[in-house]
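Atom set for the values below is all heavy atoms of this structure, side chains included, hydrogens, waters and symmetry mates excluded. Reminder, nothing fancy here: chain letters follow the sequence lines and each chain counts from 1.
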Number of protein chains: 2
Amino acid sequence: MSESKIVDVARRAKVSVATVSRVLNRSEQVSEKTKQRVLKAIAEMNYTPNAMAKNLRSKRTMTLGIVVSDIEVSYYAEIIKGVENMANSLDYKIIICDAQNKQERELEYVSLLQNRTVDGMIFVTPYMTSKELIAVAEEGYSIAVIGRYIEHESIPCAFTDNVKIAKDVVNHLLEQGHERIAFLSGYADAIDSYERLEGYMKALRDAGLPFIPDLIDNGDFNESGGFRSFLRLREKNDAFTAVFAANDEMALGVYKACRELSIQIPSELAVVGVDNIRLTKYVTPKLSTVEQPKYTMGALLTEKLIDQMNHNEFSDRRVFKVDSKLLVRESSSYAIERSSNQGEANTS
Amino acid sequence: MSESKIVDVARRAKVSVATVSRVLNRSEQVSEKTKQRVLKAIAEMNYTPNAMAKNLRSKRTMTLGIVVSDIEVSYYAEIIKGVENMANSLDYKIIICDAQNKQERELEYVSLLQNRTVDGMIFVTPYMTSKELIAVAEEGYSIAVIGRYIEHESIPCAFTDNVKIAKDVVNHLLEQGHERIAFLSGYADAIDSYERLEGYMKALRDAGLPFIPDLIDNGDFNESGGFRSFLRLREKNDAFTAVFAANDEMALGVYKACRELSIQIPSELAVVGVDNIRLTKYVTPKLSTVEQPKYTMGALLTEKLIDQMNHNEFSDRRVFKVDSKLLVRESSSYAIERSSNQGEANTS
DNA sequence: AAAGATATTGTAATCGATTCCATTCAGTGA
DNA sequence: TCACTGAATGGAATCGATTACAATATCTTT
C-alpha cells in the first residue's frame, strides 16, 4: 500500500514539505543536492502523491468525461478511441458516460461537471438540444460537442455537413437511375435526422423530382428500428427502388428485412447508409456508406477542449467542419456488385 | 458555475457546516425543521458538494478503472458495458484504460491505483502474468480479473473454461468428419492461447489422433494476424480441412485469406472461432463460434469487487467459472450451410 | 420541578497536498 | 568586515468537505 505521505518523505529527507513539493513540481527552484536527497527518499519509500489532495488544492482532476448514447455502437467506439488517445497523451484520463439510448440520462451526467469530478466534458449525442448544451457552457463549464454545429463562442465543435452527406447519397442514387428513393430517418427530433432529411429534400428538388411524404419513416438509429421502419415504409408505398438510411445500423435492419422478404440487394433495391462502421465491409453485399472521420473528430476536439480549459480563453479556431466521403460499394451499384462478386470468387 | 461551498449554505441557513453535512449524508440525525431550512438554502444556491474535497476526506473516489487491451474490439466493448452498468447502478464511475494492444502499457495503469485516482481496478487482459496481478493485489489494492483463474484469495475472477472451449470445438469438428484440424493460436504467451492449445491437444489425444506441430501457428488475436498466420500454416502443411481460431477476429482473417485464395468455407475448409462477437452473425457464411457471457462477467465481477472494497473482507465466493456455449453456424457445417443458404434465399 | 437521558447542534481537527510569505544562507562589492 | 542581493528553505494557511467530541436543548420520569 502506498501509505507514505509527503510529510514522511520530508522527514526522511530532512527537509520541509514545501521543499518536497517543489522537487515534485518545480524542481528548478531547489538546489541540486537537496533535490537528490529528496528524490532518494521518494524512491526508497515508494512514494506517490495522493491525487485527491492534489486535485482539491489545484482544483483540477485531469479527467474528462465523454457522453455517448451507446458505447456498443462502433460509431461511438471509434470516437472514444480518438478522445482517449489524445487525452492520455496530454496526461488526462477519461470517464465514459453511456446514456444507454435513454434521452433523459444524457443530461444527468452534467452533475459530474457540477461536482468537479471532471474538468470538462465532450458530448456526442444527437438528442440533447443546442439550448441545453449552451446552458451548460454558460454556467461556466468547459464542454465540447461532436456531431453538429453549435452557435456559441465557448463551445468547440466538430461535425460533418449532414446536408452534404444526404445530397451526395441521393445524387449517387439518382445517377444509378433511381427516381423513387425512400429515406429512413433516425429519431425525428435528433439533429442529424433533421439535417439529413433536409439534404435529401434539397437533392430531390434540384433534380426536379417530387417530394413524397410516404417515402419517409423514422427509425431510432438502431438495427431493430431500421427493420421495423422499413416494413412500415413498404406498407405505405412499396414503389421505391432505393433506400437511404440515416445510419449504417438502420441499413443493416433493412438488410435483415430484405432477407426475410427475399428482396435482392442491389438488383431489386439499392441501400446506402452513413457512418462507415466496421460491419459495412463484412456484410454481403458490402454496404455503401458515408465515411466520417470519427477518430479524428474525437482527437481534434479533445485537444481543443483541453487547450481551452488550460488557457481559459477561447481560441480562434473552435469550429471544425470535417470532410465526409461517399463510399460506393456493392449495395448501391449493380455493376460493381457483379464484377466484385466475380472478383471475389475467382481471384487467386 | 457552482461556486458555493458548504460554509455558504451554512451561513444562509443559519446553521453550522456540520449540520449541513449531516443533512447531506445522514439526514436522520437532524431535526425536521432545520433540515427543511438547509434543503431550502441548498436549492436556492444551487449547491453541489465538491467531489474532490469529499474524496480526500473519505479516501474514496467512487471510481473504478478497467484495463482492456483494445476498446474497439467488441469482445471488450461488451464487457465494458457490463461493468459500466453495474458500476453506475452502485454509484460508481468508470475510467477506461485502453492498453492499445501494447503489452507494456497494461501495467502502467496501476499508477491510477497508487495515486488513489481509482478505488479499484478490473483487468481484462490476456498478457499480464498472474504473478504481476497478484503483486498488485498484495500491495493492498483492490483488483479483479476477467478472463482467467487467479490463485489468490483477494482477487475476484470470472472466466470460462478455456480447455473445455477448445475441446468442444475440436469434438464438434471431429464429429463433422474432420481429422486434420489446424489450430490458430493467439500470442503464444497469453494465457488464453495456452489453455486453448491444451484443450485442443487433449481432444485430439482422446480421439486417438496424432498431434502435428505443423498444424499450429501463433497469431496475435487480430484479424490481420489471423490472415498472416493462416498463410504460414498453409505453407507448412496444407493438408488440414478445418481451422480452429483462438478468437473470432483471427477467424475473420482466415475468411479474408480464403476469399483471396478462393477456398470455399465450409465445403473446402471448416472454420470455428471463439467469443461470438457481433460480426460473426453478419459475415457469409456465418461463423461458428463459442459464446462467452461477456456482459455478465463484467457486471458480476464489478458487483463483487465493489462489495469487497466496501466490506474490506474477502467474500466467500470469489471465483466465477461461467458457462461457455458452442454455437454451430454455417462455417463449420456443410449441411447447415446449404439449407440455411436456401432458407435465406427463399423464405418470405 | 429537578435530575437524568436523549436528541440536536456547534467547534475544531483532519484528510494530503500546494504555495504565499518569511526567514536563513551564501555570495558580492565596498 | 559589513551591508546588500538573490537563492534556497521553512512555517503555516489553504483547498472544501467529514466527523469526533463537546455543548446545549428537549424530553422523561419521579
Centroid separation under 6.0 Å, is that true for the rings of B:Y187 and B:Y127?
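Between B:Y127 and B:Y187, the centre distance is under 6.0 Å.
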
Find the distance [X]:[atom1] to [N]:[atom2] and express it as a whole number of Å.
X	N	atom1	atom2	answer
B:R60	D:dG16	CZ	P	22 Å
A:K5	C:dA17	NZ	C1'	11 Å
B:L56	C:dC15	CG	C1'	4 Å
B:M52	D:dA17	CE	C1'	11 Å
B:I6	D:dC15	CD1	P	15 Å
A:R116	D:dG16	CZ	C1'	12 Å
B:N50	D:dT18	CG	C1'	13 Å
B:Q36	C:dT8	CD	C1'	16 Å

Heavy-atom pair with the smallest gap, counting every atom of B:V68 and B:Y76:
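Minimum heavy-atom separation between B:V68 and B:Y76: CB-CD2, 3.7 Å.
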
With no hydrogens and no angle check, is any side-chain donor or acceptor of B:S111 less than 3.5 Å from a backbone partner on B:Q114?
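No: the side chain of B:S111 does not pair with the backbone of B:Q114.
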
Distance test, side-chain N/O of [X] to OP1/OP2 of [N], below 4.0 Å:
X	N	answer
B:K54	D:dA17	no
A:R26	C:dT19	yes
B:K59	C:dT14	no
A:N55	C:dA17	no

Stepwise, does the salt bridge (Lys or Arg N to Asp or Glu O under 4.0 Å) test hold for B:D8 with B:K5?
CA-CA 5 Å; B:D8 302 324; B:K5 332 175 200 184; 5.8 Å; no

Side-chain H-bond candidate by donor/acceptor type, A:D119 with A:T61, under 3.5 Å:
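A pair is found: one side chain offers a donor N or O, the other an acceptor, under 3.5 Å apart.
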
Take A:K81 and B:D98 through the test salt bridge (Lys or Arg N to Asp or Glu O under 4.0 Å) and record every step on the way to the result.
CA-CA 8 Å; A:K81 191 140 187 144; B:D98 183 2; 3.2 Å; yes

A:R318/A:E153 under salt bridge (Lys or Arg N to Asp or Glu O under 4.0 Å): CA gap, chis, key distance, verdict:
CA-CA 8 Å; A:R318 61 161 262 270; A:E153 58 165 6; over 6 Å; no

Which sits closer to the 5' end of DNA chain D, A:A53 or B:V20, going by the nucleotide each is nearest to?
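Here A:A53 is the residue nearer the 5' end.
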
Return the nearest nucleotide to the side chain of B:P49; candidates are C:dT18, D:dA17, C:dG16.
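Out of C:dT18, D:dA17, C:dG16, the nucleotide with an atom closest to B:P49's side chain is D:dA17.
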
Reading nucleotides 4-11 of chain D from 5' to 3' and marking B where a protein heavy atom lies under 4.0 Å of the base, S where only the sugar-phosphate is that close, and - otherwise, the string is ----SBBB

